[in-house]
Amino acid sequence: MSALLTLSAISKTYQLGNNKIKALKKVNLVVKKGELTALQGPSGSGKSTLLNICGLLDHFDEGTYHFEENDISTFTKQQLTLKRRENLGFVFQGFNLIPVMTVFENVEYPLLLAGVASRQRREQTLAVLEQVGLAEFVTHLPDKLSGGQRQRVAIARALVKKPPLVIADEPTANLDSDTARHVIDLMHTLGRDYGTTFLIATHDERMAARCDRTLQVTDGVLY
Ligand SMILES: Nc1ncnc2c1ncn2[C@@H]1O[C@H](COP(=O)(O)OP(=O)(O)OP(=O)(O)O)[C@@H](O)[C@H]1O
Ligand SMILES: [Mg+2]
């Protein structure tokens with residue numbers, strides 16, 4: 001399998017007042033297409049920082065990052081936004097659904113932003129909602145759903161454009177263990193069906209065990 005992401009000696013420092021926080025120290029990471037990779041590590045070790053860089057949401061100070069064959073450091077802000085829109089889906093622990101939009105509208109939204117025609121939007125949205133087992137909930141508002149159902153909506157939204165890469169930051173943190181297991185299995189199934197690559201930060205031992213591999217982040221260093 002070829003590499004989707006190749007990070008070489010990536011470092012990232014945050015400036016907080018007079019303090020410098022070295023959040024990432026010369027991180028090397030290769031993620032192959034279709035792989036489910038879990039990042040584990042203590043709070044503050046740098047997992048979210050690494051995910052945000054991989055997800056083209058944040059800059060790095062040193063090193064190189066190739067997304068497929070593209071050298072990310074040569075990208076303008078506009079190119080980065082475009083690249084992110086075309087290639088990435090995100091799942092966060094707080095679900096981040098839009099409360100005034102129905103389940104259908106939340107999931108359809110990335111397609112609307114991408115300018116996909118209405119009929120195709122409808123087909124793709126219904127197909128992915130079917131996949132996550134929420135076909136009957138299309139007209140519901142998010143606050144009428146359970147935590148697990150909300151997270152499944154968030155996963156459907158992340159996957160509706162069939163992006164090559166989905167970044168998930170603690171996707172099961174707010175879920176009970178049965179629901180968490182269901183969400184993990186779902187990512188597995190969708191990963192296989194859609195050919196999606198997943199990069200997941202998690203404290204959940206069982207989630208990590210179900211990924212293809214687990215990497216440890218400790219004090220900004222990836223092991
Ligand atoms: N925007 C920011 N400004 C300044 N420092 C930051 C910022 N974001 C993160 N940090 C610092 O960078 C380090 C790594 O933080 P990060 O959020 O990546 O950790 P994490 O492994 O995701 O932790 P958690 O498991 O608690 O989510 C921490 O010391 C944190 O305080
Ligand atoms: Mg984090």
Side-chain angles (χ1 to χ4, degrees), residues 4-31 35-67 72-73 75 77 80-81 84 87-97 147-148 150-155 157-159 163 165-177 179-181 183-184 186-187 191 196-223:
L4 183 65
L5 312 181
T6 310
L7 284 73
S8 306
I10 290 286
S11 295
K12 166 85 182 173
T13 304
Y14 290 111
Q15 184 86 41
L16 252 190
N18 289 329
N19 278 348
K20 278 198 163 105
I21 299 165
K22 276 214 128 203
L24 293 177
K25 301 168 187 166
K26 295 196 182 295
V27 167
N28 298 311
L29 171 65
V30 177
V31 178
E35 217 176 19
L36 257 87
T37 302
L39 298 176
Q40 287 196 295
S43 182
S45 58
K47 302 181 295 298
S48 295
T49 303
L50 183 54
L51 289 190
N52 290 341
I53 288 172
C54 289
L56 310 177
L57 291 169
D58 203 359
H59 301 286
F60 49 92
D61 311 321
E62 286 169 52
T64 57
Y65 172 17
H66 286 82
F67 193 101
I72 288 304
S73 60
F75 275 44
K77 212 172 162 190
L80 275 178
T81 305
R84 191 168 62 234
N87 291 278
L88 277 130
F90 296 92
V91 182
F92 299 102
Q93 82 179 68
F95 318 133
N96 291 23
L97 300 175
R150 284 182 211 185
Q151 195 55 304
R152 283 189 275 150
V153 177
I155 292 171
R157 184 185 53 187
L159 284 156
L165 178 63
V166 169
I167 302 265
D169 200 350
E170 307 279 356
T172 59
N174 287 330
L175 305 177
D176 65 69
S177 58
T179 312
R181 187 151 25 87
V183 165
I184 301 160
L186 187 65
M187 288 194 187
T196 315
T197 306
F198 281 91
L199 191 55
I200 305 165
T202 184
H203 286 105
D204 186 335
E205 221 34 77
R206 281 195 309 189
M207 168 137 220
R210 281 168 186 245
C211 289
D212 297 319
R213 63 174 178 157
T214 302
L215 302 171
Q216 293 292 329
V217 186
T218 307
D219 201 13
V221 181
L222 185 71
Y223 295 97

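The model shown is predicted, which means the values in this text are computed figures rather than measured ones. Counting starts at 1 for both ligands and their atoms, following the listed order.
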Engineer: With a 6.0 Å cut-off (strictly less than), is the heavy-atom count around NZ of K25, excluding the residue itself, greater than 12?
Structural biologist: yes
Engineer: Give the numbers and elements of all ligand 1 atoms closer than 4.0 Å to a heavy atom of L16.
Structural biologist: 4 (C)
Engineer: Does an N or O anywhere in G44 fall below 3.5 Å from an N or O of ligand 1?
Structural biologist: yes
Engineer: Scan the protein's non-hydrogen atoms and note whether one is under 4.0 Å from atom 31 (O) of ligand 1.
Structural biologist: no
Engineer: Please state whether G46 comes within less than 4.0 angstrom of ligand 1, counting heavy atoms only.
Structural biologist: yes
Engineer: What atoms of ligand 1 come within less than 4.0 Å of a heavy atom belonging to H203?
Structural biologist: 25 (O)
Engineer: So, K12 side chain and I21 main chain: donor-acceptor pair closer than 3.5 Å or not?
Structural biologist: no
Engineer: Please check if the side chain of Q151 supplies one atom and the backbone of F92 the other of a donor-acceptor pair under 3.5 Å.
Structural biologist: yes
Engineer: Identify the closest protein heavy atom to atom 26 (O) of ligand 1: which residue and atom is it, and at what distance?
Structural biologist: S43 OG, 2.5 Å
Engineer: Which of the atoms of ligand 1 are close to P42, meaning less than 4.0 Å from one of its heavy atoms?
Structural biologist: 21 (O)
Engineer: Could you identify the single nearest non-hydrogen protein atom to atom 3 (N) of ligand 1 and state the distance to 0.1 Å?
Structural biologist: Y14 CD2, 3.6 Å
Engineer: Hey, is the main chain of A9 close enough, under 3.5 Å, to the side chain of N28 for a donor-acceptor pair?
Structural biologist: yes
Engineer: Around atom NE2 of H59, are there more than 12 heavy atoms from other residues, nucleotides or ligands closer than 6.0 Å?
Structural biologist: no
Engineer: Quick test: of every protein heavy atom, which one is nearest to atom 25 (O) of ligand 1, and how far off is it to 0.1 Å?
Structural biologist: K47 NZ, 2.7 Å
Engineer: For the Mg ion (ligand 2), does an N/O/S atom of S48 lie at less than 2.8 Å?
Structural biologist: yes
Engineer: Which residue and atom name correspond to the protein heavy atom nearest atom 15 (O) of ligand 1, and how close is it?
Structural biologist: T49 OG1, 3.8 Å
Engineer: Does S11 reach the main-chain N or O of K26 with its side chain, forming a donor-acceptor pair under 3.5 Å?
Structural biologist: yes
Engineer: Considering only non-hydrogen protein atoms, determine which one is nearest to atom 17 (O) of ligand 1 and report residue, atom name and distance to 0.1 Å.
Structural biologist: S48 CB, 3.7 Å
Engineer: When you measure from the side chain of D212 to the backbone N and O of L36, does any donor-acceptor pair fall under 3.5 Å?
Structural biologist: yes
Engineer: Taking D219 first and then K22, would you say they form a salt bridge - that is, a charged N and a carboxylate O separated by under 4.0 Å?
Structural biologist: no
Engineer: What is the closest protein heavy atom to atom 29 (O) of ligand 1, and at what distance does it sit?
Structural biologist: I21 CG2, 3.7 Å
Engineer: Distance-only, no hydrogens or angles: does the R157 side chain make a donor-acceptor pair with backbone N or O of N96 under 3.5 Å?
Structural biologist: yes
